[in-house]
Amino acid sequence: MENGSVNHEMETASTITIKGILSLLMQNLDENNCKRLIPLGMGDPTLYSCFHTTHVAGQAVVEALQSDKFNGYSPTVGLPQTRRAIAEYLSSDLPYKLSCDDVFITSGCTQAIDVALAMLARPGANVLIPRPGFPIYELCATFRRLEIRYYDLLPENGWEVDLDSVEALADQNTVGFVIINPGNPCGNVYSYQHLKKIAETAEKLKIPVIADEVYGHLVFGDNPFVPMGVFGSMVPVLTLGSLSKRWIVPGWRLGWFVINDPSCMFKNPKIIEPIKKYFDILGGPATFIQAAVPHIIEQTDSVFFKKTINTLKQTSDICWDMIKEIPCLTCPQKPQGSMAVMIKLNISSLEDISDDIDFCFRLAKEESVIILPGTAMGLKNWLRITFAADPQSLKEALGRLKSFCKRHTKLMLQQQQ
């Protein structure tokens with residue numbers, strides 16, 4: 001400890017993982033602190049009892065397992081009925097129909113990210129990634145020897161893409177343009193008009209869009225969820241998604257990689273055949289989980305989705321209202337979707353804390369509250385708070401956060417002296 005601040009080694013941006021940082025924060029908890037742990041760092045709503053999957057999903061898995069028909073290997077690209085069900089599910093929001101051949105089943109959305117970057121990688125290539133963003137993209141790109149070029153999201157404009165910076169960054173070696181909508185870590189939801197501008201920019205630059213829609217349909221603000229695939233006739237869109245968030249089953253690891261390209265600008269044997277071969281070396285989700293998907297998608301009642309949305313709306317409101325009461329924190333936009341929000345940390349108002357990393361480690365130690373430093377998402381001196389928690393726990397955690405900030409503000413320290 002130097003001058004009251006704690007020094008912690010952080011990995012480079014290309015090797016940071018959320019789980020790795022959370023593990024370090026957990027190690028920093030004070031064993032003598034009697035306060036119960038409240039984790040607001042991981043996007044896993046199953047940690048709280050107010051979030052649970054529908055009975056239909058569990059029953060579908062049980063029936064698939066007990067049928068004794070799905071104990072063997074599945075085709076490496078996924079069961080045909082699973083691919084067909086996901087194609088139909090996604091097509092319901094599109095102006096064209098996907099076929100089952102457009103869908104590849106992955107082990108969660110993380111594997112879909114790896115597939116997208118692996119298939120686009122080539123010597124000397126670069127990929128455009130949002131800042132702030134989801135650190136798995138940097139990690140996967142680094143493993144694939146892709147140069148990472150960060151474009152900015154604009155907090156003053158609802159975290160919209162800085163399209164001028166995208167055009168400035170792209171060149172003849174740019175192979176992909178990543179967007180995350182609904183936004184993680186920002187909690188934003190892009191309008192139809194903004195998504196159209198993204199598509200027009202990608203069309204101009206002649207690069208496919210990688211659309212991470214793992215939080216698809218989890219929206220509760222002014223903008224409805226519009227899948228990027230709506231613009232697939234304008235520019236090829238590689239859609240990444242999963243059951244994890246909407247159905248609250250992240251541990252089932254059921255995701256998808258989908259090629260939205262009705263004009264066949266991107267789909268050709270030179271691209272599709274290597275994808276199929278790559279899937280031959282991947283391990284997908286358990287066969288019985290895949291087999292349950294058609295029943296899960298067809299039979300889940302809209303009441304279940306509405307309940308999840310209502311809870312997330314309630315907890316996002318709590319987060320927004322309580323953060324406004326903490327002087328050293330600023331939230332540029334009320335969350336509109338997903339399960340997390342980015343908060344700006346005014347480090348100059350704190351006497352004995354050096355940066356966002358120090359802040360989060362000290363908070364964990366003193367208050368047994370876990371949140372993520374913004375450095376992990378690409379923004380120094382910001383914080384990511386996950387509001388997918390039960391309301392009472394969230395209120396308690398944010399109350400502790402307020403006390404922590406109050407304790408460490410320069411004014412409070414001067415008064416104590």
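Residue numbers run from 1 in the order of the sequence given.
Closest approach of Phe387 to Cys319, counting heavy atoms only: CB-CB, 4.3 Å. In terms of heavy-atom proximity, Pro182 sits nearest to Leu218 at CG-O, 4.4 Å.
Under the 4.5 Å side-chain criterion, counting only non-hydrogen atoms from C-beta, Cys360 is in contact with Leu25.
Between Ile357 atom CD1 and Ile21 atom CD1 the span is 7.5 Å, to the nearest 0.5 Å. How far CD1 of Ile248 is from SG of Cys50: 8.5 Å, rounded to the nearest 0.5 Å.
For Phe143, there are no ring-ring contact (aromatic ring centres under 6.0 Å, His included) partners two or more places apart in sequence or in a different chain. Scored by the salt bridge (Lys or Arg N to Asp or Glu O under 4.0 Å) test, Glu273 finds Lys276 as partners (sequence neighbours excluded).
Contact check on Lys334 versus Asp317 returns a salt bridge, with a Lys/Arg side-chain nitrogen under 4.0 Å from an Asp/Glu carboxylate oxygen. Looking at Lys245 and Glu213, no side-chain N of the basic residue comes within less than 4.0 Å of a carboxylate O on the acidic one, giving no salt bridge. With respect to Glu88 and Arg84, no salt bridge is recorded, no charged nitrogen being found less than 4.0 Å from a carboxylate O. Between Glu366 and Arg400, none of the side-chain N atoms (NZ, or NE/NH1/NH2) sits under 4.0 Å from a carboxylate O, so this pair counts as no salt bridge. The residues Lys35 and Asp30 are annotated as not salt-bridged, no charged nitrogen and carboxylate oxygen being separated by less than 4.0 angstrom.
Counting only N and O atoms by type, the side chains of His217 and Asp93 include a donor and acceptor under 3.5 Å apart. A side-chain N or O of Thr76 and one of Asp280 form a donor-acceptor pair less than 3.5 Å apart. Using modelled atom types and a 3.5 Å distance limit, the side chains of Arg253 and Ser242 yield no donor-acceptor pair. Asn260 and Asp102 form no side-chain donor-acceptor contact under 3.5 Å, judged by distance and modelled atom types alone.
Here salt bridge (Lys or Arg N to Asp or Glu O under 4.0 Å) pairs that include residues 119-136, with residues two or more places apart or in two chains, are Arg131-Asp152.
With Thr300 as the partner, the side-chain contact (heavy atoms from CB on, under 4.5 Å) test is satisfied by one option alone out of Val303, Ile297, Ile296: Ile296. A side-chain contact (heavy atoms from CB on, under 4.5 Å) with Tyr137 is found for one member of Ile180, Val127, Ile148 and no other, namely Ile180. Checking each of Asp355, Asp352, Asp356 against Arg362 for a salt bridge (charged side-chain N to carboxylate O under 4.0 Å, His left out) leaves exactly one that passes, namely Asp352.
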